[in-house]
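Heads up, the thing below is written out as C-alpha cells.
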Amino acid sequence: VQLQASGGGSVQAGGSLRLSCVASGHRVSHFDMGWFRQGPGKEREFVAAISWSGGSTISADSVQGRFTISRDYAKNTVYLQMNSLKPEDTAVYYCAASSLRLVRSSRHYQHWGQGTLVTVSS
C-alpha cells in the first residue's frame, strides 16, 4: 500500500484546510485509515481514523467538532477537513493505513505516507 498525502499549507487561526491522502496498492479499501500529526518538538499523536466501510470514525478530543475524516472509495482517497484551526494545530500531518479496526496507536498502522505540513498563524 502506497499513501500520498497533500493539501497542507499556511493559514491564519480560524481558517480551514482539507488534507487528502491518495492510496494505491493491493486491497486498499480493506484498510482502516488514520491521520496523525507531529508538532515541533512533540511526539506523533493520533488525530482521527475511519473504518474500512466508512461507517465509523473516531477522533482525538483536541480536534472533535473541528476536524472531520471521510473517504471516497471511487477515488481511493481519505480526507481530513480541518476547520477553526488553531496555532496548536501546527504540525506535519501523516496519513496511515491499518489492518486493525479503528485503532489510535501509531504502532498498529502498517503503512504510512509522507507528511504534509500545516502551519497556523495567530
Side-chain angles (χ1 to χ4, degrees):
V1 176
Q2 293 79 46
L3 305 174
Q4 181 73 36
S6 63
S10 296
V11 64
Q12 289 191 327
S16 298
L17 282 174
R18 188 178 77 161
L19 305 183
S20 299
C21 176
V22 180
S24 60
H26 185 58
R27 304 183 71 177
V28 167
S29 62
H30 287 67
F31 286 87
D32 281 22
M33 299 295 295
W35 285 97
F36 289 78
R37 67 185 181 185
Q38 187 166 13
K42 299 180 180 179
E43 294 186 353
R44 189 172 298 189
E45 65 175 354
F46 170 79
V47 176
I50 187 167
S51 64
W52 68 270
S53 68
S56 299
T57 63
I58 56 173
S59 60
D61 290 345
S62 59
V63 305
Q64 279 190 359
R66 300 188 299 122
F67 292 11
T68 302
I69 187 171
S70 61
R71 67 192 300 172
D72 183 331
Y73 289 96
K75 297 181 179 180
N76 281 336
T77 301
V78 176
Y79 301 101
L80 185 67
Q81 178 66 44
M82 305 185 296
N83 299 328
S84 302
L85 282 161
K86 304 175 181 180
E88 51 263 44
D89 295 318
T90 294
V92 177
Y93 284 72
Y94 299 89
C95 62
S98 175
S99 59
L100 301 179
R101 295 286 84 92
L102 292 177
V103 290
R104 296 174 183 262
S105 174
S106 60
R107 68 178 183 270
H108 293 313
Y109 285 78
Q110 295 82 32
H111 307 282
W112 291 82
Q114 92 298 351
T116 185
L117 176 63
V118 172
T119 303
V120 185
S121 58
S122 56

Practice task
Take Thr68 and Leu80 through the side-chain contact (heavy atoms from CB on, under 4.5 Å) test and state the conclusion after the steps.
Solution key: CA-CA 6 Å; Thr68 302; Leu80 185 67; over 6 Å; no
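- Annotation: side chain of Leu19 is in contact with side chain of Val118 (closest heavy-atom distance under 4.5 Å).
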Problem - Verdict with reasoning, Gln110 to Ser98, per side-chain contact (heavy atoms from CB on, under 4.5 Å) - result: CA-CA 6 Å; Gln110 295 82 32; Ser98 175; 4.1 Å; yes
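- Using modelled atom types, no side-chain atom of Arg44 and backbone atom of Gln38 make a donor-acceptor pair closer than 3.5 Å.
- When all heavy atoms of Met33 and Ala97 are compared, the closest pair comes out as SD-CB, 3.6 Å.
- Less than 6.0 angstrom separates the ring centroid of Trp112 from the ring centroid of Phe36.
- Checked by atom type and distance alone, the side chain of Gln12 never pairs as donor or acceptor with a backbone atom of Ser122 at under 3.5 Å.
- Distance check, rounded to the nearest 0.5 Å: CD of Gln114 to OH of Tyr93 gives 15.5 Å.
- With values rounded to the nearest 0.5 angstrom, Ile50 atom CD1 is found 6.5 Å from Thr57 atom OG1.
- For the side-chain contact (heavy atoms from CB on, under 4.5 Å) with Ser62, the lone residue among Lys86, Glu88, Arg37 that qualifies is Arg37.
- The CZ atom of Arg104 lies 7.0 Å from the OG atom of Ser59; values are rounded to the nearest 0.5 Å.
- Formation of a donor-acceptor pair under 3.5 Å by the Thr116 side chain with backbone atoms of Gly8 is found in this model.
- With hydrogens and angles ignored, the 3.5 Å screen pairs no side-chain donor or acceptor of Ser56 with any backbone N or O of Ser51.
- Listed here is the closest heavy atom pair of Asn83 and Ser16: OD1-OG, 2.9 Å.
- Rounding to the nearest 0.5 Å gives a distance of 10.5 Å between SG of Cys21 and OH of Tyr79.
- A donor-acceptor pair is defined here as one N or O able to donate and one able to accept, closer than 3.5 Å; no such pair exists between the side chain of Tyr109 and the backbone of Asp32.
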Handout entry: side-chain contact (heavy atoms from CB on, under 4.5 Å) between Phe46 and Val103, worked out
Key = CA-CA 9 Å; Phe46 170 79; Val103 290; over 6 Å; no
